[in-house]
Amino acid sequence: MEEQLRFTERLAEEGIVLSERQLEQFEIYFKTLVLWNEKMNLTGITVREQVYLKHFYDSLSLAFNYDMKKAASLADIGSGAGFPSIPLKIAFPHLKVTIVDSLNKRITFLKEVVSLLGLTDTECVHGRAEDIARVAKYRDQFDLVTARAVARLSVLNEFCLPFVKKGGTFIAMKGSEVEEELKDAAYSLSELRGKLVKVTRMTLPVEESLRHFVEVEKTGATPTKYPRKAGTPLKEPLTK
C-alpha cells in the first residue's frame, strides 16, 4: 500500500522503524476509525492518505524531539479518537498508557480499538480531566503527559500538569503560532509547578502546516487547590 510505504519511509527518516505487526495494527486502527465514524463523529478526516499523515504521522511526531525510552508511563488528556496515544502505544509498546476523555462514546470506541489491536497496559478512563486528576492513582503519577489541540495553553496546563510526576514532562501538541499562548500561560505554569523547557517547530509533510511542541518539566507536586472544579479552567483560565 502506497500510503503505508510513504508513512514508513517518513518515520524511518526520524529513526522510527515499524514491524509488519505494527503496520498491521495501524491498518486495523484506520479501518476501525472509518467504520465507527459512520455512526459517531470521531474525525472529519477519513481518506486513508490523510489519516496516515494527519493523524498517525502527526501523533508520532511527538517522538521526533523527545526520547520515548525515557518514559515508562504516558497519559493522553482529551484524546478524542485516540490521538496521539494509540499511535504512540503501537510504535512504542513498552509504554503504559492512560487515555482520559470526557465523552463516554469515544471511550467505548477506544476500548474497542485497544481490544482489536491487542494492546496491553492501556487504560481508557471516562471523565473530565479536572476530576480524574483528583484521583490518587492518576495524580502526579506520569512520566509523560500530552494533549493534542485540546485548548489554549493557559487552560491546558491545568488539565494536564496535575497528572505529571515531579521531574516528568508535559508536551502540548499545538498548531501554528504559540507565542501569544506562551505569554498567557506563564502564570498557570508557575502556579502548577511547570517550567518551560523548549518549544520545537515542525512542518507537516505535503500540506506544509506548522506544528509546535511545547515541552514543560514538572518541578514539584501539584498544589492541593488544583485543578479547580470541572469547567472552571475553561471559563476562568489561570492568567494574570
Side-chain angles (χ1 to χ4, degrees), residues 7 10-16 18 43 45 50-92 94-95 97-101 129 142-190 192-219 237:
F7 179 59
R10 284 181 185 130
L11 289 176
E13 285 168 15
E14 300 292 344
I16 298 171
L18 300 176
T43 176
I45 300 165
Q50 296 288 308
V51 171
Y52 270 85
L53 178 66
K54 292 184 181 176
H55 283 328
F56 297 167
Y57 180 88
D58 197 25
S59 291
L60 292 175
S61 65
L62 181 140
F64 298 171
N65 292 286
Y66 177 85
D67 181 4
M68 297 303 291
K69 292 203 255 338
K70 290 196 306 197
S73 57
L74 165 76
D76 181 8
I77 310 304
S79 175
F83 307 118
S85 48
I86 301 277
L88 287 167
K89 173 67 180 175
I90 294 171
F92 304 99
H94 74 277
L95 289 170
V97 172
T98 299
I99 301 172
V100 177
D101 199 89
F142 294 90
D143 299 323
L144 177 62
V145 175
T146 188
R148 179 176 178 249
V150 169
R152 285 181 68 79
L153 208 49
S154 51
V155 176
L156 216 46
N157 287 332
E158 193 168 355
F159 284 165
C160 297
L161 278 167
F163 289 89
V164 188
K165 65 160 65 159
K166 184 184 175 184
T169 302
F170 164 45
I171 300 179
M173 301 177 75
K174 306 295 290 181
S176 48
E177 296 315 320
V178 291
E179 283 306 310
E180 203 61 40
E181 282 194 45
L182 283 168
K183 282 189 206 122
D184 281 351
Y187 177 66
S188 62
L189 270 182
S190 65
L192 291 150
R193 307 295 184 264
K195 185 179 86 177
L196 183 65
V197 176
K198 64 177 178 180
V199 180
T200 313
R201 281 164 66 110
M202 179 192 92
T203 306
L204 199 64
V206 186
E207 62 164 49
E208 303 288 300
S209 57
L210 262 184
R211 297 288 186 269
H212 287 85
F213 304 88
V214 181
E215 186 174 323
V216 173
E217 183 193 339
K218 182 80 171 283
T219 60

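Every heavy atom of this structure was used, including side-chain atoms; hydrogens, water molecules and symmetry mates were not. Sequential numbering from 1 along the given sequence is applied to the chain's residues.
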Legend entry - Candidate pair Val97 and Leu88, rule side-chain contact (heavy atoms from CB on, under 4.5 Å), full reasoning: CA-CA 9 Å; Val97 172; Leu88 287 167; over 6 Å; no
Notebook entry, point to check: Checking side-chain contact (heavy atoms from CB on, under 4.5 Å) for the pair Leu60/Ile90: CA distance, chi angles, key distance, verdict?
Noted result: CA-CA 10 Å; Leu60 292 175; Ile90 294 171; over 6 Å; no
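- Remark: side-chain polar atoms of Glu181 are paired, donor with acceptor, to backbone N or O of Leu153 under 3.5 angstrom.
- In terms of modelled atom types and a separation under 3.5 Å, the side chain of Thr169 and the main chain of Leu144 share no donor-acceptor contact.
- For the pair Asp76 and Pro84, the minimum side-chain heavy-atom distance is below 4.5 Å.
- Between atom CG of residue Leu74 and atom OG1 of residue Thr98 there is a gap of 8.0 Å, rounded to the nearest 0.5 Å.
- Taking 4.5 Å as the limit, some side-chain heavy atom of Leu210 sits within range of a side-chain heavy atom of Thr203.
- When atom types are taken as modelled, the side chain of Lys174 and the backbone of Ala151 share a donor-acceptor pair closer than 3.5 angstrom.
- How far NZ of Lys54 is from OG of Ser59: 13.5 Å, rounded to the nearest 0.5 Å.
- Although no hydrogens or angles enter the test, the distance criterion places no donor-acceptor pair under 3.5 Å between the side chain of Asp184 and the main chain of Ser154.
- Between the side chain of Lys218 and the main chain of Leu161, a donor-acceptor pair closer than 3.5 Å is present.
- A heavy-atom distance below 4.5 Å is not found between the side chains of Pro237 and Arg152.
- Between Leu62 atom CG and Glu215 atom CD the span is 8.5 Å, to the nearest 0.5 Å.
- Side chains of Leu204 and Arg211 form a contact here, defined as non-hydrogen atoms less than 4.5 Å apart.
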Check: Run the side-chain contact (heavy atoms from CB on, under 4.5 Å) check on Arg148 and Asp58 step by step: do they pass?
Finding: CA-CA 10 Å; Arg148 179 176 178 249; Asp58 197 25; 3.0 Å; yes
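- If you take CD1 on Ile16 and CZ on Phe92, they are separated by 4.0 Å, rounding to the nearest 0.5 Å.
- Atom CG of Leu95 sits about 10.0 Å away from atom OG of Ser85, to the nearest 0.5 Å.
- Under the 30°/60° scheme for interplanar angles, the aromatic rings of His55 and Phe83 are found to lie parallel.
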Report the C-alpha separation of Lys195 and Leu189 in whole Å, then their side-chain angles, then the decisive distance to 0.1 Å, and conclude whether the side-chain contact (heavy atoms from CB on, under 4.5 Å) test is met.
-> CA-CA 6 Å; Lys195 185 179 86 177; Leu189 270 182; over 6 Å; no
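- Atom NZ of Lys69 sits in a sparse spot, with 12 or fewer heavy atoms from other residues, nucleotides or ligands closer than 6.0 Å.
- Residue pairs that meet the ring-ring contact (aromatic ring centres under 6.0 Å, His included) test with at least one member in residues 193-215, sequence neighbours left out, do not exist here.
- Judged by distance alone, the side chain of Thr146 and the main-chain N or O of Ile171 form a donor-acceptor pair under 3.5 Å.
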